Colleague: 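Dropping a structure here in structure tokens format, bear with me for questions.
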Protein chains: 2
Amino acid sequence: MKIDPTHILKEHSLKHTKQRVRVLEEIALDTVAISQPELEKKLGKEIDRVTLYRILNIYEDKGILHRIMDMNGTANYAICSSACSEDHHHDEHIHFNCTNCHKIYCLDVVVPHSTMPKGFTAKTVSTTAYGICEKCNLLVKKN
Amino acid sequence: MKIDPTHILKEHSLKHTKQRVRVLEEIALDTVAISQPELEKKLGKEIDRVTLYRILNIYEDKGILHRIMDMNGTANYAICSSACSEDHHHDEHIHFNCTNCHKIYCLDVVVPHSTMPKGFTAKTVSTTAYGICEKCNLLVKKN
DNA sequence: AATATAAATGCAATTTAATTGCATTTATAT
DNA sequence: ATATAAATGCAATTAAATTGCATTTATATT
């Protein structure tokens with residue numbers, strides 16, 4: 001995914017710092033979501049733990065990043081599609097969480113709407129499929 | 001939900017201890033899922049923290065309890081429908097996570113199947129809707 | 001270009017959550 | 001009644017997240 005960190009920051013009136021740029025760059029490297037621990041490992045020498053927490057929180061609040069929880073309660077981050085805004089994350093696509101490599105993919109599959117029971121009003125719906133991803137399926141076949 | 005802890009334990013060849021019975025009873029009290037911190041608060045004087053962790057893990061492994069992660073990465077537990085077994089949780093219903101009271105409901109809405117992209121094989125699909133639950137909607141109207 | 005200032009960062013310290021090891025207790029098969 | 005294998009509780013450890021504060025940095029203004 002090609003992104004323009006400087007533009008994104010300006011768009012949300014956030015100060016342009018090298019730490020904020022690095023975080024965006026790192027997350028944009030891959031189409032799959034990256035986990036908090038992975039990010040920490042990759043950026044730990046450049047960016048303080050606490051700063052990373054704060055940057056991720058701000059990005060989530062602003063709708064720049066999209067946070068997906070995996071089965072272990074670990075936060076994973078991906079760049080939001082441009083349709084996301086501060087008050088409403090458009091999560092109506094499927095997340096595929098590979099139980100082998102633990103990667104989380106944002107699939108371009110639209111989730112069919114299900115109607116809520118009377119009294120319940122849903123704002124966002126998040127769907128996660130657990131299974132084996134493309135890459136891991138290929139690896140298994142080879143062995 | 002009416003459950004028979006003794007029977008459930010026997011069914012899964014688990015030893016019958018008062019702690020295990022208490023945990024099942026407590027969780028069965030309500031149809032909504034209960035969070036780990038809530039359980040700890042309720043049972044903290046009867047059951048040791050560590051024991052609670054272990055019991056919950058075993059129950060999840062055996063398919064007795066169903067663990068649902070909320071947005072904060074907090075584990076919530078509900079009794080599994082009888083269709084769940086050790087190797088396969090049947091989660092193909094919707095969880096409704098109220099953003100006001102934070103309760104998680106297991107709704108009796110069947111999720112329409114979406115087909116996975118080529119190469120991806122899904123084993124379970126979990127859908128969570130975020131919004132305002134029945135009770136909280138009523139409260140809001142009153143004010 | 002210099003500078004004022006408001007915000008972001010990094011570090012230390014703290015708080016909270018989860019895990020591990022081990023001695024004691026308990027359930028159950030004989 | 002008792003042997004034994006498993007479960008529990010406690011203490012200690014490890015890991016994760018948060019808070020407070022001094023220092024640094026970005027940017028608006030002169």
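Just so it is clear, the values below take in all heavy atoms, side chains as well, and ignore hydrogens, waters and symmetry mates. Note that the coordinates shown come from a computational prediction; the quantities given were computed from them, not determined experimentally.
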Colleague: In the strands shown, is C/dT28 matched to any nucleotide by a Watson-Crick or G-U wobble pair with both distances under 3.5 Å, and which?
Modeller: D/dA3
Colleague: For A/Asn57 and D/dA17, give me the distance from atom CG to atom P, rounded to whole Å.
Modeller: 11 Å
Colleague: Name the closest nucleotide to the A/Thr17 side chain, picking from C/dA12, D/dA26, D/dT8.
Modeller: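 Given the options C/dA12, D/dA26, D/dT8, the side chain of A/Thr17 is closest to D/dA26.
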Colleague: Is any side-chain heavy atom of A/Thr74 closer than 4.5 Å to a side-chain heavy atom of A/Met69?
Modeller: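 No. Closest side-chain heavy atoms not under 4.5 Å.
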Colleague: Without decimals, in angstroms, what is the distance between B/Lys18 NZ and D/dT8 P?
Modeller: 9 Å
Colleague: Taking CZ from A/Arg54 and P from D/dT19, how many angstroms apart are they, rounded to a whole number?
Modeller: 10 Å
Colleague: Please assess A/Glu38 against A/Lys41 for the test salt bridge (Lys or Arg N to Asp or Glu O under 4.0 Å), listing each intermediate value before the final yes or no.
Modeller: CA-CA 5 Å; A/Glu38 276 178 288; A/Lys41 216 182 327 173; over 6 Å; no
Colleague: What heavy-atom pair brings A/Tyr130 and B/Ser126 nearest, and what distance separates the two atoms?
Modeller: CE1-CB, 4.1 Å
Colleague: Using side-chain heavy atoms (C-beta onward) and a distance below 4.5 Å, is A/Thr99 in contact with A/Ile132?
Modeller: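 Yes; the side chains approach each other to less than 4.5 Å.
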Colleague: Does any nucleotide pair with C/dT19 by Watson-Crick or G-U wobble geometry, both distances under 3.5 Å, and what is it?
Modeller: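 Base partner found: D/dA12.
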Colleague: Is there a side-chain contact between B/Thr51 and the phosphate of D/dG9, meaning an N or O under 4.0 Å from OP1 or OP2?
Modeller: yes
Colleague: Rounded to whole angstrom units, what separation is found between the OH atom of A/Tyr53 and the P atom of C/dG10?
Modeller: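 Taking OH of A/Tyr53 and P of C/dG10, I get 15 Å after rounding.
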Colleague: Using atom NE2 of A/His16 as one end and atom P of D/dT24 as the other, report the distance to the nearest whole Å.
Modeller: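 Answer to the nearest Å: 21 Å.
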Colleague: May I have the distance from A/Asp48 (atom CG) to C/dA8 (atom C1'), rounded to whole angstrom?
Modeller: 12 Å
Colleague: Between B/Leu14 (CG) and C/dT28 (P), how many Å, whole number?
Modeller: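 From B/Leu14 CG to C/dT28 P: 10 Å.
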Colleague: Does the separation of the ring centres of B/His66 and B/His95 fall below 6.0 angstrom?
Modeller: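 Yes, the ring of B/His66 comes within the 6.0 Å limit of the ring of B/His95, centre to centre.
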Colleague: Considering just the side-chain nitrogens and oxygens of B/Gln19, establish if one lies under 4.0 Å of OP1 or OP2 belonging to C/dT26.
Modeller: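 Negative; the distance criterion is not met.
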Colleague: If you only use heavy atoms from C-beta on, which nucleotide in C/dA12, C/dT28, C/dA8 is closest to the side chain of A/Val50?
Modeller: C/dA12
Colleague: Separation of B/Leu43 atom CG from D/dG9 atom P, in whole Å?
Modeller: 11 Å
Colleague: Side chain of A/Gln36 only, heavy atoms from C-beta on: which candidate in D/dA17, D/dA7, C/dT28 is closest?
Modeller: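 Within the option list, the nearest is D/dA17.
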Colleague: Determine the contact category for A/Arg20: base if any of its heavy atoms lies under 4.0 Å from a base atom, sugar-phosphate if only primed atoms, P, OP1 or OP2 are that close, otherwise nothing.
Modeller: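 The answer is sugar-phosphate, as A/Arg20 gets under 4.0 Å only of primed atoms, P, OP1 or OP2.
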Colleague: Name the nucleic acid region contacted by B/Glu40, choosing base, sugar-phosphate or nothing; use a 4.0 angstrom heavy-atom cut-off, strictly under.
Modeller: nothing
